Amino acid sequence: MASRDRDFDQLQGHWLLARLGKKVLRPGGRKMTEWILDQARLTDARVVELAPGLGITAAEILNRAPSDYVGVDEDPAAARTTGDVVGDRGRIIEGKAQATGLGDDSADAVVGEAMLTMQGDKGKAAILDEVRRILSPGGRYAIHELALTPDDLDGATKDEIRVAMSKSIRVNARPLTVAEWHHLLEDHGFEVEHIRTAEMGLLKPSQLLEDEGAAGMARIAGNMIKHPAARKRVLGMRSVFIEHDDALASIGIVARLRDGADAADAADATDAAAAAAAAAAANAAGPGQEAPPAAPRRPEIEFLDDGQKAELPADPEALSFHDVVTAAPPAKDGDGPAVQRLQTADGVNIIAMRFRAGQALPDHRAAHPILVQCMEGQVRFSVGDRTEVLTPGRVAHLPAMVPHRVDADEDSVFLLSMLT
């Protein structure tokens, strides 16, 4: 494979499209971008844009006359590109969306597009925490992301879509349902004010024409003809989008940061409650008295005596059981495995995959620690330059957010236990 072809094969989907000349890289196109910017009320506001990419949205923001514009992008090339668009009308800094380096309460509005989708649960939470930190109370957060529909879409279908998309766009895409996006923002101290959904038209001819114009479409088509490896990638991405068209949508949300104590992250509620309980215990002891000792930590395994067995009768209905090889879905054609969520349980999601020989899960990462087992057949589990062969009886553990891949050497059944 030629160097250029290898490059096209490895590029993340949005940068591949950018290399081919596509300017608008958002799932809902220019219309959805313009809608969220209008709802976010940017005139005379201090605006921060996260991951501005090619600077297309930056130009739209500046057209709305903010009092200040700051773009934050960790990709030096993207930062330079946006810097050329912004010029002296704002500033661009290199940094992560999770750690911008900006001051507390330094923005009236934050804009982010097509970035939260590419993060796992921890990544989404970290970005939302940073947005909440830099926003002033009452500030607006405008997002434009990929959504799954309907809200009651089953877990197996979600997993199948996520695996297919991750393989095609070379990014571990984690889109949420409309309800899940709404809850995510509410749980991090935001009040959703405006929400809109539209088709996911990134590669649909009608949206391409609207976003890029006839000349832009011709430019993209010409570059695809000149670069067969890139054309193959784009057609593969489009095939995935078409296959799952009924379940894919674009979503725009504008949310307001709640004022005062209401803006506290709901994810910290448990820690706050624990601290309050400790303080209450200390106060209950009275002046000059020691607080009662903390409750002893529950042992990881507790063997029961006869009295405990009588007091704590076991509930047979609490036991879950799966014959993974039998329950795994039938193998399917294509490059990736068939995926079936077997159970969402307390502390674990149990997912079965059936591979044909030669199928693979390309480089990806999980939002939670995982245990993986090959229940039938043989697979290779790779992390960086280390590869372990998994056969029945071998178990591998991996912390959250560590990139890895799976390759099936033969027809195999693979069990993924995601430790939530």
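The first residue of the sequence shown is numbered 1, and numbering continues consecutively from there. All values reported here derive from a predicted model rather than from experimental measurement.
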When rounded to the nearest 0.5 angstrom, what is the spacing between [atom1] in [X] and [atom2] in [Y]?
X	Y	atom1	atom2	value
Lys124	Ile143	NZ	CD1	10.0 Å
Leu135	Tyr141	CG	OH	9.0 Å
Ile195	Gln39	CD1	CD	12.0 Å
Arg89	Ile61	CZ	CD1	11.0 Å
Ile370	Arg365	CD1	CZ	13.0 Å
Leu184	Thr177	CG	OG1	10.5 Å

Does a salt bridge link [X] with [Y], judged by any charged N lying under 4.0 Å from a carboxylate O?
X	Y	answer
Arg133	Asp105	no
Asp129	Arg132	yes
Lys158	Glu180	yes
Lys31	Glu210	yes

### Task
Compare every heavy atom of Leu54 with every heavy atom of Val85, then report the nearest pair and how far apart it is.
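The answer is CG2-O, 3.9 Å.
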Got a sec: does the [atom1] of [X] have more than 12 other heavy atoms crowding it under 6.0 Å?
X	atom1	result
Asp335	CG	no
Arg238	CZ	no
Lys204	NZ	yes
Lys332	NZ	yes
Arg91	CZ	no

### Query
When you look at Leu148 and Leu176, which way does the side chain to side chain contact (heavy atoms under 4.5 Å, CB included) test go after all the steps?
CA-CA 6 Å; Leu148 298 175; Leu176 303 178; over 6 Å; no
[X] vs [Y] side-chain heavy atoms within contact, under 4.5 Å:
X	Y	value
Val379	Asp407	no
Leu50	Met115	yes
Leu361	Arg405	no
Arg30	Ile56	yes
Leu185	Ile253	yes
Val48	Val111	no
Gln207	Met32	no
His322	Gln343	yes

With no hydrogens and no angle check, is any side-chain donor or acceptor of [X] less than 3.5 Å from a backbone partner on [Y]?
X	Y	answer
Arg380	Val406	no
Asp73	Gly53	yes
Ser67	Ala45	yes
Gln359	Gly336	yes
Glu130	Thr100	yes
Arg64	Glu60	yes
Ser168	Gly236	no
Arg231	Met224	yes
His144	Gly112	no
Arg354	Val325	yes

Can you confirm whether the side chains of [X] and [Y] place a donor and an acceptor under 3.5 Å from each other?
X	Y	result
Thr33	Glu113	yes
His404	Asp363	no
Asp154	Thr157	yes
Gln378	Ser412	no

### Message
Under the criterion side chain to side chain contact (heavy atoms under 4.5 Å, CB included), I'd like the reasoning laid out for Cys374 against Thr391: C-alpha separation, chi angles, the key distance, then a yes or no.
### Response
CA-CA 5 Å; Cys374 184; Thr391 52; 5.7 Å; no
### Query
With under 30° as parallel and over 60° as perpendicular, where do the rings of Phe381 and Phe414 fit, or are they tilted in between?
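Ring orientation of Phe381 relative to Phe414: parallel.
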